[in-house]
Each structure stands twice: as structure tokens, then as C-alpha cells.
Amino acid sequence: MDEINQIEIEKKLLSLREEHRDLDVAIEQMVQAPHHDQLRLGRMKKRKLALKDEILYIESQLVPDIIA
């Protein structure tokens, strides 16, 4: 993996983590509201899980395999 590609992947990872964090805050605020849209909340939670999966996948690509 060349240096430019590594930098682009790290930028993407940073962006995904930020979106995940923002969704976490938004979900928490929505849950605190007395009346909230369950469908929207479900979609936000689903997106948050998808982001987590994508983050974990990208992180696994950045870490080289070590043969024990």
C-alpha cells in the first residue's frame, strides 16, 4: 500500500468515525425526547451499525497479517 493510498484510507476512516460519533449523539438526543419517531430512530441505529462494520473492515485492512 503506497503512502498516498494510506493517507486517503485514514481520511475515510476519520470521516466514518466522525459520522458514527455524530449519530451516537443524535440517537441519544432523540431517545431523550418525550415523543420520537421510532422509524427514524431505527434507521439511525441501523446506519450507525453499518458505519461500525465499515470502520472495523477498514481497520482490519490497515493492520498487516502477522503469521504466528
Side-chain angles (χ1 to χ4, degrees):
M1 183 179 315
D2 62 357
E3 188 175 329
I4 294 172
N5 195 19
Q6 175 96 12
I7 292 169
E8 289 301 316
I9 291 172
E10 289 174 2
K11 284 181 184 178
K12 174 75 173 172
L13 193 54
L14 185 64
S15 173
L16 291 172
R17 286 179 177 151
E18 185 177 335
E19 184 179 352
H20 185 270
R21 199 171 36 251
D22 291 346
L23 269 174
D24 195 35
V25 170
I27 289 168
E28 187 62 35
Q29 289 175 349
M30 185 177 276
V31 168
Q32 298 298 324
H35 302 287
H36 54 270
D37 184 355
Q38 287 291 337
L39 183 59
R40 184 169 180 227
L41 182 63
R43 287 180 180 157
M44 290 170 73
K45 287 181 176 183
K46 188 174 182 178
R47 174 66 182 149
K48 184 179 168 197
L49 286 173
L51 284 169
K52 182 177 181 183
D53 288 343
E54 191 172 354
I55 290 167
L56 290 174
Y57 175 76
I58 292 172
E59 287 175 341
S60 73
Q61 298 300 309
L62 290 175
V63 177
D65 291 336
I66 299 173
I67 300 173

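Worth saying up front: this structure is predicted, and the values here are computed from it rather than measured.
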State whether the number of non-hydrogen atoms from other residues, nucleotides or ligands found under 6.0 Å of K45 atom NZ is greater than 12. no
**OP:** May I ask you to check whether over 12 heavy atoms, not counting those of L56, lie within 6.0 Å of atom CG?
**Re:** yes
When rounded to the nearest 0.5 angstrom, what distance separates [atom1] in [X] from [atom2] in [Y]?
X: L51; Y: D22; atom1: CG; atom2: CG; result: 10.0 Å
X: H20; Y: R47; atom1: NE2; atom2: CZ; result: 10.0 Å
X: Q6; Y: L13; atom1: CD; atom2: CG; result: 10.0 Å
X: L16; Y: E54; atom1: CG; atom2: CD; result: 4.5 Å
X: I27; Y: Q32; atom1: CD1; atom2: CD; result: 12.5 Å

With hydrophobic residues grouped by side-chain heavy-atom distances under 4.5 Å, do L14 and I58 end up in a single group? no
Same cluster for L23 and L49 if Ile/Leu/Val/Met/Phe/Trp/Tyr side chains link at under 4.5 Å?
no
Heavy-atom nearest pair, M30 first then D37, reads SD-O, 4.0 Å
Open item on the list: Is there a side-chain contact between R17 and E59 in this structure, where contact means two heavy atoms from C-beta onward sitting under 4.5 Å apart?
Closed with: yes
Beyond-backbone contact of Q61 with I9, side-chain heavy atoms, under 4.5 angstrom = no
Q38 side chain to H36 side chain, donor-acceptor N/O pair below 3.5 angstrom = yes
